[in-house]
There are 2 protein chains.
Amino acid sequence: MVHATTMKEIARQLGVTVSTVSRALQNHPSIGLRTRERVHELAKQLDYVPNPTAINLKRRRTYNIGVVLPALTEQFFSMAISAIEDVAIGKGYSVVVMQSRNDYERERLAISNLVKHGIDGIIVSLASETQNNSHFLEVNKHGIPIVFFDRVAKNMPNSCVYVDLTAGAIEAVEYLVARGLTKIALLNGPGTLQATDERLKGYVTVLNKHGIAISRPYVRSVNLTKEDTAKKMNELLDLDEPPQAILAFNDYVALDAMQVCRQRGLVINQDIHFVSFSNLPFCSYLEQPPIASIEQFPYEMGTKAIQLLLPAIEDPQHYTPEKVIIPYQLIVRE
Amino acid sequence: MVHATTMKEIARQLGVTVSTVSRALQNHPSIGLRTRERVHELAKQLDYVPNPTAINLKRRRTYNIGVVLPALTEQFFSMAISAIEDVAIGKGYSVVVMQSRNDYERERLAISNLVKHGIDGIIVSLASETQNNSHFLEVNKHGIPIVFFDRVAKNMPNSCVYVDLTAGAIEAVEYLVARGLTKIALLNGPGTLQATDERLKGYVTVLNKHGIAISRPYVRSVNLTKEDTAKKMNELLDLDEPPQAILAFNDYVALDAMQVCRQRGLVINQDIHFVSFSNLPFCSYLEQPPIASIEQFPYEMGTKAIQLLLPAIEDPQHYTPEKVIIPYQLIVRE
DNA sequence: CTGTTAGCGCGTTCAA
DNA sequence: TTGAACGCGCTAACAG
């Protein structure tokens, strides 16, 4: 801005003190009706807008909340952001977004930028490649609260909110088995994510329960890029005994894998079946979507995350971190 | 934060002045090597982080850039945001997002919140329901620069960046005609958007050129909700002479309309053909995508938008608004 | 080389 | 009812 009008300017033009203007603007009772009116009038006339930076400096807050997540273009995360934003705005906060692109260094940089830039708290969903928590510990040391959501960090004392993916995976695999599909492969995420472990655990549990031998080549990790997913899916199809069904880490992995299948002439939901996590809205546009998906309620997760963060910001002393588990839901499509 | 360490604290512990500390920290040449080292050492030891709010107060900047757009969950916009963020971060700015949800009041509120919250500039893509520009004029009055992108406002003096949709529509409709499809309907956006006029103009131009009569019932506006699109698509199919092809406002409209067609037993790309705008990545997952789409390069648009905004922030005097047109590209899928 | 002083815009206590 | 003075945390012109 070229030169915004300040209280000082109003005071000067009215021949009063800045403190009088200050009080008049906040309708302090001890200000004469006449002066108050004159101040308000001139303020409006000069398009006076209080300088938020100055106010923040006094309040010792920025009213900025940082959100770091893998990719905004993934609908799961943009939905979560929407939820965070809705709550934040209602409480007078703004949301600053940063994307890690699943890259550790970028995540580290994003966190550092946020702290340098000034935020009152941070909400994070981990990059798939993040292996250590030093950057988060640093933030904790500064007394800036963090809440993890969905892709949460292991062994961190902060609040976090996530769904019970093991239970979700169990229900998903049970569903496949109930449909008579027993050659089930797992296209899992990167080993760095807790979410990957949880899916695996559910997968193993069900197969064991039904006495189905677990074939090592059936379990593969992808790094969440399209290329890697294609590679791993091709490997699965090249096996002597290719799987009848795939449990995919999420809808994006499922879609990329399904594309490979189609290219190889397989008919989805006939030659091969998919079940995945996320239940993203755009799957409803597919002619042959995964037969089932675990809804993870990103909106609810985002809402809960910010609801955990705000008290940590506004009343740090009485704040104790919480682990919140959001219920999942198996959505069957046919 | 409970109690961050300040320069004052460092100064106290070292028995020097705050200004000495300040200069030492920025490696001012006129500071004794010894003191400089002691200051840096203690700063690190006490986990000193400069208070950005105080710095911003002096610099008279917030280093925050506000972005207001219809919906983050639309991939077109999340891609644009990614671009904006990439450039912004490189220049030391952070991005604050607000969504209008295509609602005028929400857009108005978002703008007002941004100004109250403190931002150095704003990038906007209009809500479909926005009919007047008073809230933007207000911002202009405060000397805060605005750049419009994609859905730009009519009759505003600010910079803006958009694609030549008329030319795009022309090429798209020509493509349909060349394929022998002449009964072409237009599922257009809301009349409030300039982008809607432009598509219509292109549509009319081509039909006129080929001497194809324009049937009024073939041209419909949708408000960009799934329900309205379904309603209008059904109306088109209920006509005595239903269209062979649809030019859709964007991929979301196309997808919603295609869903209706499938439900009514039509085979996409056989009984009816679609061409749309945006060319969103997820269309590549469809078995029967629109046969062609106008790529609008959201990443390039976002990049250009912030490149127009930053000079306006950093050197207001020498800044003159620009209208930038990004080239489109017709992507043919088969 | 370092301290003193002033000021960014605002809120607030203490006097008058 | 209003003014004077101080402080939030930091930078910078001026002095020594």
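In what follows, chains are A, B, ... by sequence order, proteins preceding strands, each numbered from 1.
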Does B:Asp120 come within less than 4.0 Å of B:Arg59, counting only side-chain N to carboxylate O?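 No, this pair does not count.
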Check the phosphate of [N] against [X], side-chain N and O only, distance under 4.0 Å to OP1 or OP2. Yes or no?
X	N	answer
A:Arg59	C:dC10	no
B:Thr35	C:dT2	yes
A:Tyr48	C:dC10	yes
A:Arg34	D:dT1	no

Tell me whether B:Ser78 contacts the main-chain N or O of B:Thr73 through its side chain, where contact means a donor paired with an acceptor under 3.5 Å.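 Looks like no, no N/O pair under 3.5 Å.
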Taking A:His117 for its side chain and B:Tyr63 for its backbone only, find out whether a donor-acceptor pair lies under 3.5 Å.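 Between the backbone of B:Tyr63 and the side chain of A:His117 there is a qualifying donor-acceptor contact (under 3.5 Å).
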Name the nucleic acid region contacted by B:Ile55, choosing base, sugar-phosphate or nothing; use a 4.0 angstrom heavy-atom cut-off, strictly under.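 Sugar-phosphate contact only - B:Ile55 comes under 4.0 Å of backbone atoms but never of a base.
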Heavy atoms only, 4.0 Å cut-off, all strands: where does B:Thr6 land among base, sugar-phosphate and nothing?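 If one applies the 4.0 Å heavy-atom cut-off, B:Thr6 turns out to touch the sugar-phosphate alone, with no base involved.
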Atom [atom1] of [X] to atom [atom2] of [N]: distance rounded to whole Å?
X	N	atom1	atom2	result
B:Asn51	C:dG9	CG	C1'	15 Å
A:Ile31	D:dT2	CD1	C1'	6 Å
A:Lys58	C:dC8	NZ	C1'	13 Å
A:His28	C:dG11	NE2	C1'	11 Å
B:Asn56	D:dG9	CG	P	15 Å
B:Leu57	D:dT11	CG	P	12 Å

Between B:Asn64 and B:Ser94, does any side-chain donor sit less than 3.5 Å from a side-chain acceptor?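 Not at all, the side chains of B:Asn64 and B:Ser94 share no donor-acceptor pair under 3.5 Å.
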Just verifying a value: how many Å separate B:Ile84 CD1 and B:Lys304 NZ, rounded to the nearest 0.5 Å?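 The CD1 atom of B:Ile84 sits 13.5 Å away from the NZ atom of B:Lys304.
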Looking at side-chain heavy atoms only, is the closest gap between B:Val115 and B:Glu138 below 4.5 Å?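 B:Val115 vs B:Glu138: side chains apart.
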Nucleic acid contacts of residues 7-27 of chain A, taken as heavy-atom distances under 4.0 Å to DNA chain C: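 The answer is A:Met7, A:Lys8, A:Ser19, A:Ser22, A:Arg23.
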